[in-house]
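Excluded from the calculations below are hydrogen atoms, water molecules and symmetry mates; all remaining heavy atoms, backbone and side chain alike, are included. By convention in this document, chain letters (A, B, ...) are assigned in the order of the sequence lines, proteins followed by strands, and residues within each chain are numbered from 1.
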Number of protein chains: 2
Amino acid sequence: MAVYTHVEPDDLAALVAKYDIGTVVSCKGIAEGVENSNFLLETTGGRFILTLYEKRVSEGDLPFFVDLLNHLASQSCPVPAMIRDRSGVAIQQISGRAACVIQFLPGISLTQPTPAQCEAAGAALGTMHRALEAYAGARANSMGHDHWRGVAEATGDLDVVLPGLQSIVDDELAYLDTHWPTDLPAHVIHADLFPDNVLMLGDRVTGLIDFYFAASDFRAYDLVITHASWAFSADGKHCDPARAGALMRGYAREITLSDAEVAALPLLARGASLRFLLTRAHDWVHTPADALVTRKDPSPFLARLQRYSAADAASLFAAR
Amino acid sequence: MAVYTHVEPDDLAALVAKYDIGTVVSCKGIAEGVENSNFLLETTGGRFILTLYEKRVSEGDLPFFVDLLNHLASQSCPVPAMIRDRSGVAIQQISGRAACVIQFLPGISLTQPTPAQCEAAGAALGTMHRALEAYAGARANSMGHDHWRGVAEATGDLDVVLPGLQSIVDDELAYLDTHWPTDLPAHVIHADLFPDNVLMLGDRVTGLIDFYFAASDFRAYDLVITHASWAFSADGKHCDPARAGALMRGYAREITLSDAEVAALPLLARGASLRFLLTRAHDWVHTPADALVTRKDPSPFLARLQRYSAADAASLFAAR
């Protein structure tokens, strides 16, 4: 749910006039993306998403995102390319914000994916990873393993969020610091491919969206983020073997993981669970109760952390 | 800002299958309408608004709105008709809510209308009133003059909202009870034609929307609501003669007010100001600070009430 910034019709008309996309027909704020203001813009030339970047996306990162998305689009990945105006400029200014006019993609975000949809999502992730292996761009992962201790400390007393959480997190940070791998295959990854960032029509993936956490990290870490967000019950307590197996099967069609990657999956998944547990706990504490952004409950990622820590966790990653 | 209810893709596909509008291509929650959940629905057959009715719109009133909008659409007024499915049904059920698939209209809501846009809005209001003169439907105005005292009492101590407001409201209610007219031309009116309920492209009105306050009342009362919301500065303290005059000129092209109506305009405008002052004060007190709905400041309507109470208020309604 996110429309923070108002756009004046005259400013919008001036922006659209820079592009070869005709004139404005309609522009409606949409409840999509928690970080930015998004509008569904219709012109006489087609439909587009107009995104105004709010404080969480650094304007300095925008050229990276433009380049990344245009690379992926050129490799036939279903990602929303950022459109360039007649002068070749993709990053504009409107209403005091950096803004981009972005390709519109069909499809609907799922909330309860079926195994067949999980398989399609796994395959789409794998296809994207193949397109990213040779991609020259890079971006430090500000939400990666090195930063989790800092997020925990910035949150304050974690027992305020969930009783007993502080010692669980302290133990987990110590464990991950000791065991986190250093030499797995890495490139730019999406790093946030939850179901709400995948558009589908039936069992077909029509869009991978919201790349604003994309950064350089292990490809297997991207896979476990997708696993954690697609294969579990809403409370995080139950991993559905059918959905998890289908996701892994779809991914395996495109990417053959190394033995070291396979062995690391449970550990990486503990890390992914901790990452979302910590950022949600941080936002839970620091988001004012009257903010327009909906705070997300951290506890389902504590449940995932515990599931991925169990002795049989490797079995959750078997392709079926 | 309003998307309260989630729609499952399978439920959406089943709903769309009832209509001759093809299959779903996209469905995005839009930040429009404070009372309902609204989605911009694209199908292979076109674009539509899908509205799910939340608690403020009574399901029992929906047949009235369907009939009203279809009457106005048949009279070439630019209103969003509610589409009927293959069985002739317009009011559906989805996600536990009554819902309608509604015609999509082009255009953008204004926030700072120019005099030319005010003239177009006045003319569109007048055209709609001509189409409503012979309309047989009726609906009691639950936000009309008879109900203002009840809203004030349900709000509690008005001095909590604005110091001194209680005695101002008490005096105004007494004055309006004594002077409120009884025999002006009346029919169904929009009753909430603020700029955000009018879609425009340039100086052309392309849509009159959000009829969920439509009810039977004086047509001149509809005109003063439009006057109060189109011709004033944001703080309500300044009525712009150019915008007000243009609005009245546009309306006068379609409707010739009687002498009694012209004489009543300042009084009716005091009533309109009090209506929005009271409902905003009520919502200010009763809306939780953490609600997703943005509370609206009541004080600009106190400023309008004072402006419309001045000795020279009749001059604000001169067509220019």
Side-chain angles (χ1 to χ4, degrees), chain A residues 1-13 16 23-33 37-44 46-47 49 95 104-114 117 195-196 198-204 206-207 209 287-295, chain B residues 1-13 16 23-33 37-44 46-47 49-50 95 104-114 117 195-196 199-204 206-207 209 287-295:
Chain A
M1 171 92 44
V3 177
Y4 303 99
T5 301
H6 178 77
V7 176
E8 284 296 323
D10 288 351
D11 296 340
L12 180 63
V16 167
T23 58
V24 176
V25 173
S26 171
C27 186
K28 295 186 189 296
I30 57 176
E32 215 157 272
S37 300
N38 287 296
F39 299 85
L40 183 42
L41 168 65
E42 184 182 345
T43 72
T44 49
R47 273 152 300 136
I49 301 294
S95 303
F104 175 89
L105 297 175
I108 297 177
S109 295
L110 303 177
T111 48
Q112 299 174 356
T114 64
Q117 290 166 330
D196 52 348
V198 176
L199 301 175
M200 298 190 81
L201 286 175
D203 294 343
R204 185 166 61 90
T206 56
I209 61 174
T287 302
D290 62 350
L292 286 172
V293 178
T294 307
R295 300 186 301 177
Chain B
M1 170 92 45
V3 177
Y4 302 100
T5 301
H6 177 76
V7 177
E8 286 296 323
D10 288 351
D11 295 341
L12 180 63
V16 167
T23 58
V24 176
V25 173
S26 170
C27 185
K28 295 186 188 296
I30 57 176
E32 216 158 271
S37 299
N38 287 295
F39 299 85
L40 183 42
L41 168 67
E42 184 181 345
T43 72
T44 49
R47 274 151 302 137
I49 303 293
L50 170 65
S95 302
F104 175 89
L105 297 175
I108 297 177
S109 294
L110 303 177
T111 48
Q112 299 175 356
T114 64
Q117 290 167 329
D196 52 348
L199 301 175
M200 299 191 81
L201 287 174
D203 294 342
R204 185 167 60 91
T206 55
I209 62 175
T287 302
D290 62 351
L292 286 171
V293 178
T294 308
R295 300 184 302 177

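Between A:I108 and B:C27, the shortest heavy-atom distance links the atoms CG1-N, 4.0 Å.
Looking at B:L41, there are no atoms closer than 4.5 Å to chain A (heavy atoms on both sides), in backbone or side chain. Looking at A:S109, only its backbone comes within 4.5 Å of chain B, counting heavy atoms on both sides.
Atom NZ of residue A:K28 and atom CD1 of residue B:I49 lie 5.0 Å apart, to the nearest 0.5 angstrom. Separating the CD atom in A:E42 from the CZ atom in B:R47 is a distance of 3.5 Å, to the nearest 0.5 Å. Of the inter-residue distances, the one linking A:I30 atom CD1 with B:N38 atom CG reads 14.0 Å to the nearest 0.5 angstrom.
Of the listed residues (B:G207, B:P9, B:G107), the one with the most heavy-atom contacts under 4.5 Å to chain A is B:G107.
B:L201 is linked by a side-chain contact (heavy atoms from CB on, under 4.5 Å) to B:P106, B:R204, B:T206, counting only residues two or more places apart in sequence or in another chain. Under the side-chain contact (heavy atoms from CB on, under 4.5 Å) criterion, B:T114 pairs with B:A116, B:Q117, B:D203, sequence neighbours left out.
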